Structures are given as C-alpha cells and as structure tokens.
Amino acid sequence: MHIERIAVDESVGRVMPPGLFVEALSGHGVPVERVGDGEEFGPGDAVATFGHRDAFVDADWVHCVRAGYDEFPVADYEAAGTALTNSTGVHGTTVGETVVAYMLTLARRLHAYRDAQRDREWDLPSYEEPFTLDGERVCVVGLGTLGRGVADRAAALGMDVVGVRRSGDPVEHVSTVFTPDRLHEAVADARFVVLAMPLTAETEGMVAAPELDAMREDAYLVNVARGPVVDEDDLVAALDGGDIAGAALDVFAEEPLPAESSLWEFDEVLVTPHVSAATGKYHEDIAALVGENVEKIAAGDPLTNRVA
Ligand code: NAD
C-alpha cells in the first residue's frame with residue numbers, strides 16, 4: 001500500500017473541528033484534504049471519517065475516528081481488500097474520568113443539589129442517601145481501553161473493582177474477573193455496573209430484565225458503550241419498579257435521545273449526549289493514531305487497530 005492523499009471526511013465534524021484535525025495531520029509528507037459527499041476514492045487514498053459511505057470502500061485505507069465501528073459494513077471492506085482501522089486506545093482517560101464523575105455525582109448527590117439550585121432551594125438529603133465510593137463495589141463489563149480506564153480510577157478511590165471479560169484472564173486493579181456467562185453473578189453485589197464493551201451480535205441486548213433483576217436495588221447502571229447493549233424498555237421498567245436505584249447514560253438506542261423518552265424524567269438518571277470521551281484535544285489524539293499508521297504503511301509494517 002502507498003498513501004498519496006489523506007482525505008478528511010466532513011463527518012469528523014461530529015467530534016472535532018475538521019480544520020484543527022487537518023492541521024494536526026500534516027507533517028507526514030502526505031497531502032491532507034477535506035472532502036464531502038460526492039467525493040470519489042481510489043488507490044493511494046486514505047480516508048479519515050466518523051461514519052461510513054459506500055464510496056470509501058474504493059480507497060486503500062479507511063480510518064474511523066471512533067472506537068466503536070459497529071456502523072461500518074466490515075464484510076464489504078474485507079471483500080474489497082480495503083484496510084479499516086478504528087480509534088480504540090485513546091479514550092481511557094476521558095471516559096474513565098467521566099465514569100468516575102458519574103459515580104461521584106450519584107454517591108455524593110451533586111445532581112440533586114444542582115436540581116434544587118435551579119429553584120433556589122436549600123434542599124437537604126435524607127440521612128442515609130449520601131455515600132462514599134470508598135469501599136463500594138463496581139463491576140466493569142468489558143475490560144479494554146475504556147474498562148481499564150474506569151478500573152484504574154475506581155481502584156484509586158478505594159472501590160472494589162470486579163469485571164467481566166471473555167477470556168476471564170486477570171486484569172490489574174480488578175479483584176475478580178468473571179466470564180460473560182457469569183454476568184448475573186458479577187453484577188449481583190455491585191453498587192455500580194459499568195458497560196464498556198463494544199456493540200456486537202453477542203452484546204446487543206446483553207443487559208435486559210434478567211440482568212437488571214440480578215442487580216441490587218440500590219445499584220446504578222452506567223452505560224458508556226453503545227445504546228443497543230441495553231434493552232431500554234426493560235431499563236425504564238426497572239427504574240419505574242425500583243429494581244435498581246438509577247443510571248448514568250451517555251449512549252442510547254436512538255441518538256439524540258428523543259424528547260418523549262421516559263429516560264429524561266428520572267431524578268436518579270443522568271443523561272449526557274454521547275460526550276463521555278469529549279475533550280478539546282481529540283484532534284491531536286486521533287491525528288497521532290492516524291500519523292502512526294501513515295508511518296507504518298511507509299515502513300511496510302502492519303497497521304495498528306486494524307479491524308478489517
Ligand atoms: P476496546 O476494544 O479497547 O475494548 C473492548 C473490550 O470489550 C475488549 O477487551 C473486548 O474483548 C471486550 N468485549 C467484547 N465482547 C465482550 C463481551 N461479550 N463481554 C465482555 N467483554 C467483551 O474498546 P474501547 O476503546 O474500550 O471501547 C469499547 C466500546 O465503547 C467501543 O466499541 C464503543 O462502542 C464504546 N465507546 C464509547 C465512547 C463514548 O463516547 N461513549 C467512547 C469510546 C468508546
């Protein structure tokens with residue numbers, strides 16, 4: 001493979017200013033161009049993009065500027081021999097900090113005080129409501145970049161971290177690693193269950209009524225993975241029925257979350273607009289990943305984060 005142009009698709013504007021990204025990508029001796037709908041691609045082209053378009057399959061290499069590439073038709077890339085890479089590896093700090101912030105907010109009740117502040121109310125919690133993360137258990141499902149970013153930070157706050165991993169192999173800062181077939185056991189004693197796995201055929205709907213039922217009634221579900229890993233109707237029913245205490249949700253089956261969704265209405269549900277990885281440095285992080293692969297192609301080395 002020989003890259004003669006890096007095309008930056010306008011869709012990257014969903015997560016960063018394209019101009020800053022183009023600037024950060026220069027310096028590898030390959031011209032970088034902004035492209036939009038209707039652009040055609042061929043040999044020598046690399047494309048950096050947020051989403052998929054059929055025309056991209058004619059390029060040599062396509063880089064998805066997100067970690068989750070579940071919206072890409074991987075089989076089409078494989079059939080065409082087009083390399084597809086993703087952006088896993090860069091979201092451990094951002095998402096790790098966001099998840100800790102969700103847990104601290106819920107435990108220390110900051111969301112309730114902020115809600116009361118809007119009405120200028122000096123609203124005290126009941127005596128038993130506030131708790132500390134120190135000593136509480138968190139179960140992290142998916143122990144990749146996101147999951148480890150959460151585990152490291154939760155452990156530093158004195159939490160007991162358990163996790164779910166397909167191999168069941170040990171992970172630093174995780175006291176017990178369960179395999180996915182033991183998910184109910186893994187979540188049973190946790191005050192927080194954090195979903196950090198990719199959306200795949202295996203994980204779609206992985207958290208539904210039986211799993212929510214297996215959780216403690218004072219537990220919170222945190223989803224920073226993808227909306228469809230949770231059955232949203234079952235989640236609303238569990239929240240309504242008091243089967244769990246609440247949730248922190250960054251991702252949804254439909255985004256933006258429709259105005260009529262009941263998930264907006266719960267005091268104990270934090271809704272964030274798919275921003276757990278947001279940072280004003282995103283263009284630098286992704287440009288470093290793409291740049292590394294440009295150098296690898298020049299050296300004839302295998303690509304980092306290749307998924308097809
Ligand atoms: P990663 O590839 O580093 O880690 C994912 C881990 O999940 C891997 O270790 C994988 O083996 C594991 N996994 C796969 N199937 C599993 C299963 N059935 N049970 C348990 N573990 C399983 O990816 P990452 O960078 O950590 O990102 C994970 C996912 O989080 C992405 O695919 C994406 O959908 C989502 N994500 C969301 C945001 C956001 O802004 N909310 C940001 C980054 C990533």
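All values reported here derive from a predicted model rather than from experimental measurement. Whatever order the structure lists them in is the order used to number ligands and atoms, beginning at 1.
Side-chain contact, His111 with Thr105: no donor N or O sits under 3.5 Å from an acceptor N or O. For Tyr102 and Ser276, the side-chain atoms include no donor-acceptor pair closer than 3.5 Å. Looking at Glu71 and His52, their side chains never bring a donor and an acceptor atom within 3.5 Å of each other. Judged by distance alone, the side chains of Thr88 and Asn86 never bring a donor and an acceptor atom under 3.5 Å apart.
The N/O atoms of Val251, backbone and side chain alike, include none that comes under 3.5 Å of an N/O atom in ligand 1. Distances between N or O atoms of Thr88 and those of ligand 1 include at least one value under 3.5 Å. Considering backbone and side-chain N/O atoms, Asp250 comes within less than 3.5 Å of an N/O atom of ligand 1. At least one N/O-N/O distance between Ser276 and ligand 1 falls below 3.5 Å. Here's the thing with Arg166: one of its N/O atoms is less than 3.5 angstrom from an N/O atom of ligand 1.
Applying the 4.0 Å criterion to heavy atoms of Ala277 picks out, from ligand 1, the atoms 40 (O), 42 (C). Annotation for ligand 1: atoms under 4.0 Å from non-hydrogen atoms of Met206 are 19 (N). Those atoms of ligand 1 with a heavy atom of Arg226 less than 4.0 angstrom away are 33 (C), 34 (O), 35 (C), 36 (N), 37 (C). Those atoms of ligand 1 with a heavy atom of Glu202 less than 4.0 angstrom away are 18 (N).
Nearest protein heavy-atom contact of atom 26 (O) of ligand 1 is Leu146 N, 2.8 Å. Among all non-hydrogen protein atoms, the one lying nearest atom 21 (N) of ligand 1 is Gly142 CA, 3.6 Å. Nearest protein neighbour of atom 37 (C) of ligand 1, counting heavy atoms only, is Val224 O, 3.0 Å.
Around atom 28 (C) of ligand 1, the closest heavy atom drawn from Gly227, Gly144, Ala196 belongs to Ala196. Of the listed options Gly149, Pro198, Pro180, Pro198 places a heavy atom closest to atom 13 (N) of ligand 1.
Proximity of Arg148 to ligand 1 is not established, as no heavy-atom distance is less than 4.0 Å. Using a 4.0 Å cutoff on heavy atoms, Thr200 does not count as a contact of ligand 1.
Taking the ring centroids of Tyr282 and His91, they lie under the 6.0 Å cut-off.
Phe56 pairs with exactly one of Phe50, Trp61, Phe41 by the ring pair (Phe, Tyr, Trp, His ring centres under 6.0 Å) rule, that one being Phe41.
Only the side chain of Thr203 comes within contact range of ligand 1, with a heavy atom under 4.0 Å; no backbone atom does.
Listed for the Asp250 side chain is a donor-acceptor partner under 3.5 Å among the backbone atoms of Val275. Not a single donor-acceptor pair under 3.5 Å links the side chain of Glu255 to the backbone N or O of His274.
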